[in-house]
Structures are given as structure tokens and as C-alpha cells.
Amino acid sequence: MSAPAPSTLAIVDAEPLPRQEEVLTDAALAFVAELHRQFTPRRNELLARRTERRAEIARTSTLDFLPETAAVRADDSWKVAPAPAALNDRRVEITGPTDRKMTINALNSGARIWLADFEDASAPTWENVILGQLNLTDAYERRIDFTDPKSGKSYALKPADELATVVTRPRGWHLDERHLQLDGTPVPGALVDFGLYFFHNAQRLIDLGKGPYFYLPKTESHLEARLWNDIFVFAQEYVGIPQGTVRATVLIETITAAYEMEEILYELRDHASGLNAGRWDYLFSIVKNFRDGGAKFVLPDRNAVTMTAPFMRAYTELLVRTCHKRGAHAIGGMAAFIPSRRDAEVNKVAFEKVKADKDREANDGFDGSWVAHPDLVPIALASFDAVLGEKPNQKDRLREDVSVAAGDLIAIDTLDAKPTYEGLRNAVAVGIRYIEAWLRGLGAVAIFNLMEDAATAEISRSQIWQWINADVVFENGEHATADLARKVAAEELASIREEIGEETFTAGKWQQAHDLLLQVSLDQDYADFLTLPAYEQLR
């Protein structure tokens, strides 16, 4: 008697989408199902390990470089695989979700790389997950265009040699995709995003002279990097392409990963192309992990934590040194400013700040950096052109002058700034506005001239939570309390209602966003990720 055929993936609770059959083919679903069978149990073990490690940090209020991997750090002989031609020059990267208009604009932006985002800049509605995949394939096939229904403006791709190289970011390990299930168990969103993209596009990208390139988000340990490496090995063998075709850039956006940068590169060394410094999620991770650590771990207003803060300098300089020691690219942080079409003075001040930020990164040894808007590409490009000239990168700058001790990365109290009442008000205002848009399916949202994504909401609610639980006293004498947060949130909601009018307010998800922000900001049981309870409400 023959063995029963393995179960196939079921599409659950999802209305059919136009052309979804092009993405959700039997062969693609079989591949995702196999990824799920092979790797989800390890994913689950690693999520449990995160919880255990958090408990250890709560007990000790410290972190250190791992003694058990000291030999990896001490061994100077290993390097990551050489960068493929398409990833050798990464001086400017633009980020954004994979909707149709953004796909065209990002590819045309003049940036060397587009981070095509299924993660923090994309609310994971079924439409965004599936149609985003379709948009990328359509772009590679050059059958993509877009006409804005409001303005009538049309968008089309430039010639192939002028387009950015795509580096796709799947969801983090913590998120499931409830619409795809195997035997009643949802598939991790990371495996859905990676699996569908890789299966449909790996060979197509090779034929275009590029390859399947990925950004890996919210990694917390080298063991999580090892899991990704094993997935890459399996996937390449499954579709029959050479090992090492996949390339991955890891975001060092958790405090635990900052202590394992070399080990993360080592685990991925046949597939690694670099590390990136992600600011808001990094701060969120510090709050999350050291929330029991007392006053010395209390962060000031998020806008007061610049990349020149001593503990942030330690993190970014260690990242550059680590990458260049191992032959990998070091990619800098985000310039999130969105130019104003009405206020030239706002633009002038913001552009000067962006230039200073990108000048600093280029001079520190970074090989490239992120922007959120096409108008910022020329500014960032000028900063890196001035340092790189005709060179594709500066990996030859080894930064051997950098020496970072374990304590330097968590020396939060070296920052001469305190939480302010205005900081609380801003965290509430931005949090409500972002969550409301996210619940409507928008992951990248312009708020107060900044492009915000899910990391913004995470740092906003984390700071509210931290300030209340640390009994912070603001400069106006008010204590950070749950009642004060509720009062500020009620005032903000009333202000939004007045600003946009009753009809628009009622049509939106404002009360829901207000309630969710307060839930995750005030609950004693701190939610690991805001997007987990938010996903339950995303329809």
C-alpha cells in the first residue's frame, strides 16, 4: 500500500483576488507547504528561545558577547561570499511596499537598490501579500504600468539598465499568515513571502543577470540566521539553481543581534551580503528587553535619540567594523523625511539634516544607506559619491580603530536627554495615526512629514509603556501615568475628528486605533509585537 500523499495548503477565509491563480499555483503551494513541514518546528523552538532569553535579561539587566562562539569571532580566516555584480554597489537604497505605483517609482528612483517590503512598510492584508508578489513578477516581465485614478498621471518603467536591483524583505519570524494553513496550522508569514517570491522568480532573476536577494528582519540570534541559511540551501536544491545564488542582508535591529553580528554573518557566510542598521526597531528592542532594568534604561523622546548618541555610535561603528572585517557590505539607516509640496523652508531644514546624516555615514565607512522618498536619492547619492568616487564600496576601510565593549551597546544613560510631555503627546499622536492607517491596509504612512512604518508604532507604544512603568516625571511636573496617557489620547482623538471632519472620521478606524494603542501601551503584560493583536483586527 502506497503512503498517503502529503496534505496541501488550504486557502482560508480569503475572497478570491484578480490573477491570484498566477501566484497560488499548485507547484508554488507545494513548495511553501514543504518549507512549512521542514522548518516551522525549528521556527517555533527559536521563538520559545527568545522568551527564555528575555527572561534571562530581566533577571540580569545585562547582555554580553557569547562565550560559546568566541572561536568564530577570533578566527580571522573566514569571509562571506563575494558580492554578485548586482549587489556590489549599494550606495543608495530606497524602501517601500510592493503596491503597483510604488513598484514602478522605486525601480525608477535612481537608487541602486529597492527594498521591496512585505514587512514593516506593508500591512499584511491578503491583497497586499498576493498582489505584491504579482507586481514584482510583472515588473521583471516588464508588463507593469499604473495610472493614478485621482490625478490621471501614468507611470511606466524606465529602460532595464536604469532600474534598481530588488532586495525583498519577508515578514519577521513572529508573524503567521492566517489565510494559508496546513492541517489547520497557519504557515509563518516569512515562509509564505519568501517561498512564493523565490519559487516564481529565482530563475527569472538569474536570467536577468541578478538573483533572489533578501533582507532578513528582526533577527535576534545567530541560530535564527542558521535557520534562514538552511532554508536557502533547501530552496536552491528544490528548484535546481546553484548553491550561493541567494544573497541575504540581515537587519541588525534587535539589541540581542547586535551582540552576535559576526556569528550571524558566519552562519550565512555562503549567502550573506551585508548587515543594516535599523534605528526604530533597535530602540524598540532595547525597551522590550530591558523594560525591567530601571531608570538607567529609560529612553528619552524618540527624536532625541539621534545616531550620534554614544550607544548608537557604538552599535553603528561596530557594525561597519564587523562587516568590513568579513568582506560584507555595511548599510546605514533610514532618512524618513517626506518633502513638502507646500513648505520650502521645511524642506530646506530637513534636506540639511538628511545631508549631515548621510555625510556622517559615508565618512564612518558605510557602503550605502536608506531613503524613504525618491527626492532624497540625489542627496544621499551625493554624500556617498563624495567618499566613494568611482569605487563601488569602501569595504577596504577596516575601521580597526573601533573598539566596542559589551557595556557600550547598552549605555543608555550616557545620553543627556529626558522624556518630555511633548514626547508623550507625539508618541500618542503618531501611534494613533499610524495604527489607523495600518488597520485600513496601509503600512507606509506619511505623518508630520516623515514616512512611518510599523517600527514607528512599536517605539511609540513602547515609550509610553516604559515611561508609565518607570514613573517618569516630565519637565512640566506631570507624572507619566495610565490616566495621563488616556487623557492625551482622548484629546488627540478629538483633535483628529475636528481636523478631518465627522464623515471622514466615522469612515475610518480611528476609535479602533485609539483603543489598540492604549491596550498595548497600558497592559502590564507587555505584548512582544504590536502587530500580533493588530493582525487579529486586520480585515
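One side chain, Arg204 or Asn201, offers a donor N or O that lies under 3.5 Å from an acceptor on the other. For the 3.5 Å distance criterion, the side chains of Thr219 and Glu224 fail to qualify, holding no donor opposite an acceptor. Judged by distance alone, the side chains of Arg326 and Thr322 never bring a donor and an acceptor atom under 3.5 Å apart. At a cut-off of 3.5 Å, with distance as the only test, no side-chain donor of His329 or Asn276 sits close to an acceptor on the other residue. Arg169 and Thr95 form no side-chain donor-acceptor contact under 3.5 Å, judged by distance and modelled atom types alone. Asn88 and Asn393 share a donor-acceptor pair across their side chains, judged by distance under 3.5 Å alone.
Looking at Gln394, its side chain does come within 3.5 Å of a backbone N or O of Phe366 through a donor-acceptor pair. Within the 3.5 Å criterion, the main-chain N or O of Asp453 finds a donor-acceptor partner in the side chain of Thr456. In this structure, the side chain of Ser122 does not engage the main chain of Glu119 through any donor-acceptor pair within 3.5 Å. Side-chain atoms of Arg399 come within 3.5 Å of backbone N or O of Asp364 as a donor-acceptor pair. Judged by distance alone, the side chain of Asn135 and the main-chain N or O of Thr98 form a donor-acceptor pair under 3.5 Å. Panel note: side chain Thr254, backbone Ala257; a donor-acceptor pair is recorded below 3.5 Å.
With respect to Pro212, the side-chain contact (heavy atoms from CB on, under 4.5 Å) criterion is satisfied by exactly one of Phe199, Phe198, Phe232: Phe198.
Relative to the ring axis of Phe284, Arg279 does not place its NZ or CZ within 45° and under 6.0 Å from the centre. Both cation-pi conditions hold for Arg302 and Trp280: the charged atom is under 6.0 angstrom from the six-membered ring centre and inside a 45 degree cone around its axis. A cation-pi contact, defined as under 6.0 Å to the ring centre and within 45° of the axis, links Arg178 to Tyr535. Geometrically, Arg42 does not engage Phe39 in a cation-pi contact defined by less than 6.0 Å to the ring centre and at most 45° from the axis.
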- Go through the steps to decide whether Arg171 and Val192 satisfy the test side-chain contact (heavy atoms from CB on, under 4.5 Å), and finish with yes or no. CA-CA 9 Å; Arg171 279 168 281 182; Val192 173; 4.1 Å; yes

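For His174, there are no side-chain hydrogen bond (donor to acceptor under 3.5 Å, both in side chains) partners two or more places apart in sequence or in a different chain. Partners of Lys288 according to the side-chain hydrogen bond (donor to acceptor under 3.5 Å, both in side chains) rule, which considers only residues two or more places apart in sequence or in another chain, do not exist here.
The minimum heavy-atom distance between Ser383 and Asp359, with the atom names listed, is OG-OD1, 2.7 Å.
Ring-centre distance between Tyr315 and Phe311: not below the 6.0 Å cut-off. Ring to ring, Trp228 and Phe214 are not that close: their centroids are 6.0 angstrom or more apart. Ring-centre distance between Trp114 and Tyr213: not below the 6.0 Å cut-off.
In Lys353, the NZ atom is not crowded: 12 or fewer heavy atoms of neighbouring residues, nucleotides or ligands sit closer than 6.0 Å.
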